[in-house]
Amino acid sequence: MCEHDGSGKENENRNHRGTCHRGAPLPAQLADGQPVGADAQERVRWVGAQCTRAALGAWRPLDPTHAGPDIGRGARPVRPPGPTFGCRSPRARGGPPRTSAPTTVPFRRGLARVPRVWGREGVPPRDRALFAAVPSYAILSAMQQWPLVIHPADNVEIHADGHKYARRVLRAGEDVVKYGMPIGHATRDIAVGEHVHVHNLATNLGGTLDYAYAPDAACLAARPGDLQDGRTFRAYRHADGRVGIRNDIWVIPTVGCVNRLCERLAATCGGLALTHPYGCSQLGDDHETTANLLAALARHPNAGGVLVVALGCENNTLDSFKARLAADALNIRFLRAQDPGDEFARGCALIDELLANRPSEREEVPVSELVVGLKCGGSDGFSGLTANPLVGRFSDGLVARGGSTVLTEVPEMFGAETLLMARCRTRAVFERCVAMVNGFKDYYARHGQVCYENPSPGNKAGGITTLEDKSLGCVQKGGSAAVEDVLAYGGRVRMHGLTLLSAPGNDLVAATALAAAGCHLVLFTTGRGTPFGTAVPTLKVATNTALAAAKPHWIDWDAMANPDAEAFAAKVFAVASGEPACNEVHGDRGIAIFKDGVTL
C-alpha cells in the first residue's frame, strides 16, 4: 500500500504486522441452549436469510408455505409449513445404535418488531430460527452435537466431517435433499447411515432452461436504505465525489509487454502494479473485454492515483484506452514506453504528480456508500452452514442501510438460480438474470463442456458432491435482499442494493471482476483456505475453526467460532476504515482477466 495520513506521515497500517482478528470463541451454553452472558437476550438479530424487511424497525414473517421456484427445473415447489430443526445425539464410538428421536426446535420465518441491528437473536432459544441460512449461536451449539439435520425435508444429515449421510433408505433415481432442496439423485440404492457422495449421488443439472418470472412479493416489499441508523466508516473522498477505502497508487499496463516496468515503478512508492498477460494479439469481443476491464480498474476509487503504462504498438492503444476512461476529473497519468527518453525516469516523475494530488485524509462516510463483493472459494460442507450465511446477513444489513453488495460466480448459481430469479426487482432484471445464466451455459456448450462439472477435488474432499450442493450454499452469501440489477462482465455497479455480476467461478477472475465493478473490498468465504487477494482488500472468512487455527495468516474471521453478525460487521467496517486485511499484510494482491477468444 502507498497510503498516508493527513500529516504527510505514512499511515502506520502500511507496516502493520498485527494478528488478524478471527473472532471470539463460542460462549458456553446453558442446558436450554441459551448463551451465557448478560447481553444474550438484549442483542438481537438484524436480518436473517428467511426474514424480509417490511417497514422500518419491523420484521414481516414470510408465509410458511411460500412457494419458490424449483431448483434447476423452473417449477415452483412448496416448502413444508412449520419446519423444524433436527439434531440427534452423537453415537459413542463402539456403542449401541442410536435410538433417540431428533430434538426439534420450531423454525420461525420471521420476527415481529425486532430492531434491525447486527447481533444475535433476541428471542427465547426454542423460538429461534434455526436454518442453514440463519447462522446463530443456537445453530453453532447444535453443531457441537452430531449428526446435524439442516432442514426437516432433508433425507441426508451432516456429520462432523462435513459430509452427508442418509437419514433413511434412498432408492436409485430418488432425489437427495439438502437445505430442503434437491441436490441431485441417488445413482443406486443407499442404506440408512450410508455415506452419500460422488460414488452414489449424481447431479440433476442439464443445459439451458426456460424460466418464468414468479416474483417474491415479500422480498420485494423492502427497499435499499429502509434503515437509517447513522452507521459510518472512514474513507477518502475524491474530488469528483467518489469514496475510496485505500489511497494507493496503482500502475496499470495496457499490455503485458510492460509488466516488469510497471512493477519497478510501483515499487518506488509502495504502490500496486496490476500486471496481466493481455492487451495485444486479441480480437473482437475478447479484446474489448480486456480493455474495458482495465479501464474499469483505472477508475477504481481505492486508487488515490493511477499511472497507465503503454508500450506503444499494442492493440490496446493508449489513445483508445484514454477514450474509455473519460478521465478529466480523475487523478490519472499516462506513459508510453516507446516514446523517446528514459521511460522509468518519466514514470517516476508522473508518480510524484499522482502522490501530490491524491486525497490527504479520511473522513466519516455513511455505510450507504460502501460497495462489497461477495465471493467463495475452496468451499466445504460447512460453507452453507457458517460463513456464507454470515456473509448473507451482513449483505442484507448493508443493503438495508442503503449500501451495495455484488454477488458473482454464475456457474455456482446453477441449481439455485431460481431462488435469485424470484428476488429480481423487475421483469427486466429477471430477463437479464436469465440471459446471464443461460449465456454461461451456452459458453460451456460452445467449448464442448457440460455445465455441472464444477465441484473441485478440494470441494469434494470437504463434503460437497454436486453443483447443486455447492450452489445452494454459495448463493446464501447474497442474503435475502431483492436483486436490483444484473451486470455484464466488466460492468460497474450503478444501483444501491444487491447486484448480480456475470463472471466465472475461478477465484482470481471473479474477484478481479468484483474489484472492476467498483467493490471497495471482497468478503471471501473458504473452507479449504487460500492466501490470494485481488486488487482490493480480500477478507477471508473461514467456514471452520480448524482452518482458522491452521492458517491464521490467511484468515481474517472464523465464522464457525464467531457467527455474531454485529462483531463481523464491525470487522468489515474496521477494514474499510484502514485496518489491513491479511492479504494486504502479506502482499497477496493481483488480478486475472477472463479471456474468451483466439490469440494471434
Side-chain angles (χ1 to χ4, degrees), residues 68-80 83 131-133 147-159 161-209 211 376 378-385 388 409-421 437-438 440-441 444-445 449-476 505 527 543:
D70 192 11
I71 299 299
R73 291 183 174 84
R76 293 168 54 89
V78 176
R79 296 179 185 138
F131 181 68
L148 181 72
V149 177
I150 300 173
H151 189 281
D154 292 357
N155 51 28
V156 293
E157 59 192 20
I158 311 303
H159 286 207
D161 59 0
H163 283 248
K164 301 174 291 295
Y165 296 81
R167 296 181 65 195
R168 60 172 176 78
V169 173
L170 301 176
R171 300 301 180 188
E174 182 179 355
D175 277 348
V176 174
V177 180
K178 180 183 176 184
Y179 302 109
M181 299 291 180
I183 61 169
H185 64 274
T187 57
R188 60 170 175 80
D189 289 352
I190 302 174
V192 176
E194 185 178 347
H195 185 205
V196 179
H197 203 31
V198 294
H199 59 290
N200 55 17
L201 171 59
T203 182
N204 288 335
L205 294 177
T208 59
L209 298 171
Y211 300 93
C376 57
S379 300
D380 67 359
F382 299 112
S383 295
L385 296 174
N388 289 351
E409 303 179 278
V410 177
E412 293 173 24
M413 298 176 188
F414 297 167
E417 72 272 29
T418 52
L419 301 179
L420 295 172
M421 291 174 181
V437 170
N438 280 338
F440 240 98
K441 290 183 177 181
Y444 280 85
Q449 302 295 322
V450 295
C451 68
Y452 47 79
E453 289 296 342
N454 178 285
S456 68
N459 295 151
K460 294 174 182 177
I464 294 173
T465 308
T466 64
L467 185 50
E468 299 101 308
D469 191 0
K470 188 174 184 179
S471 295
L472 284 165
C474 176
V475 299
Q476 291 185 49
T543 71

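What you are looking at is a predicted structure, and each value in this text was computed from that prediction instead of being measured. What you see below is based on every heavy atom in this structure, not just the backbone, and it leaves out hydrogens, waters and symmetry mates.
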Please confirm whether the backbone N or O of [Y] pairs with a side-chain atom of [X], one donor and one acceptor, at under 3.5 Å?
X      : Y      : answer
Asn438 : Leu209 : yes
Asp380 : Ser383 : yes
Glu468 : Pro182 : no
Ser456 : Asn459 : yes
Thr203 : Gly184 : no
Asn155 : Arg167 : no
Asp154 : Tyr179 : yes

**Request:** Check salt bridge (Lys or Arg N to Asp or Glu O under 4.0 Å) between Asp161 and all other residues, then give those that pass, not counting sequence neighbours.
**Result:**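 Asp161 satisfies salt bridge (Lys or Arg N to Asp or Glu O under 4.0 Å) with no other residue.
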**Asked** Residues two or more places apart in sequence or in another chain: which of them pass salt bridge (Lys or Arg N to Asp or Glu O under 4.0 Å) with Asp469?
**Response**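 If we apply the salt bridge (Lys or Arg N to Asp or Glu O under 4.0 Å) test to Asp469, skipping adjacent residues, the hits are Lys164, Lys178.
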**Request:** Apply the test side chain to side chain contact (heavy atoms under 4.5 Å, CB included) to residues Leu201 and Ile183: give CA-CA distance (whole Å), side-chain angles for both, the deciding distance (0.1 Å), then the verdict.
**Result:** CA-CA 9 Å; Leu201 171 59; Ile183 61 169; 4.1 Å; yes
**Request:** Before giving the answer on side chain to side chain contact (heavy atoms under 4.5 Å, CB included), spell out for Leu419 and Leu472 the whole-Å C-alpha distance, their side-chain angles and the decisive distance to 0.1 Å.
**Result:** CA-CA 9 Å; Leu419 301 179; Leu472 284 165; 3.9 Å; yes
If you look at every heavy atom in [X] and [Y], which pair is closest and at what distance?
X      : Y      : result
Gly180 : Ala153 : CA-CB, 4.2 Å
Ile190 : Ala166 : CG2-CB, 3.9 Å
Gly505 : Pro411 : N-CD, 3.9 Å
Cys474 : Cys376 : SG-SG, 3.6 Å
Thr465 : Val196 : OG1-O, 4.0 Å

**Message:** Angle between ring planes, Tyr444 versus Phe440, binned at 30° and 60°: parallel, tilted or perpendicular?
**Reply:** tilted
**Request:** Evaluate the ring planes of His197 and His163, with Trp represented by its six-membered ring, and classify them as parallel (under 30°), tilted (30 to 60°) or perpendicular (over 60°).
**Result:**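 It falls in the perpendicular class, over 60°.
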**Side chain proximity check, Pro147 to His159, heavy atoms < 4.5 angstrom** = yes
Once you round to the nearest 0.5 Å, how far does [atom1] of [X] lie from [atom2] of [Y]?
X      : Y      : atom1 : atom2 : value
Lys470 : Glu409 : NZ    : CD    : 7.5 Å
Leu205 : Lys441 : CG    : NZ    : 6.0 Å
Ile158 : Phe382 : CD1   : CZ    : 8.5 Å
Met421 : Met413 : CE    : CE    : 9.5 Å

**Item:** Intermediate values then yes/no, side chain to side chain contact (heavy atoms under 4.5 Å, CB included), Leu385 and Leu148
**Value:** CA-CA 10 Å; Leu385 296 174; Leu148 181 72; 3.9 Å; yes
**Request:** Please determine if Glu174 and Arg168 form a salt bridge, counting it only when a charged side-chain N lies under 4.0 Å from a carboxylate O.
**Result:** yes
**Request:** Step by step, work out the side chain to side chain contact (heavy atoms under 4.5 Å, CB included) result for His151 and Val177.
**Result:** CA-CA 9 Å; His151 189 281; Val177 180; over 6 Å; no
**Request:** List in chain and number order the residues that pass side chain to side chain contact (heavy atoms under 4.5 Å, CB included) with Ala202, two or more places apart in sequence or in another chain; answer none if no residue qualifies.
**Result:**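 Applying side chain to side chain contact (heavy atoms under 4.5 Å, CB included) to Ala202 gives His185, Thr187.
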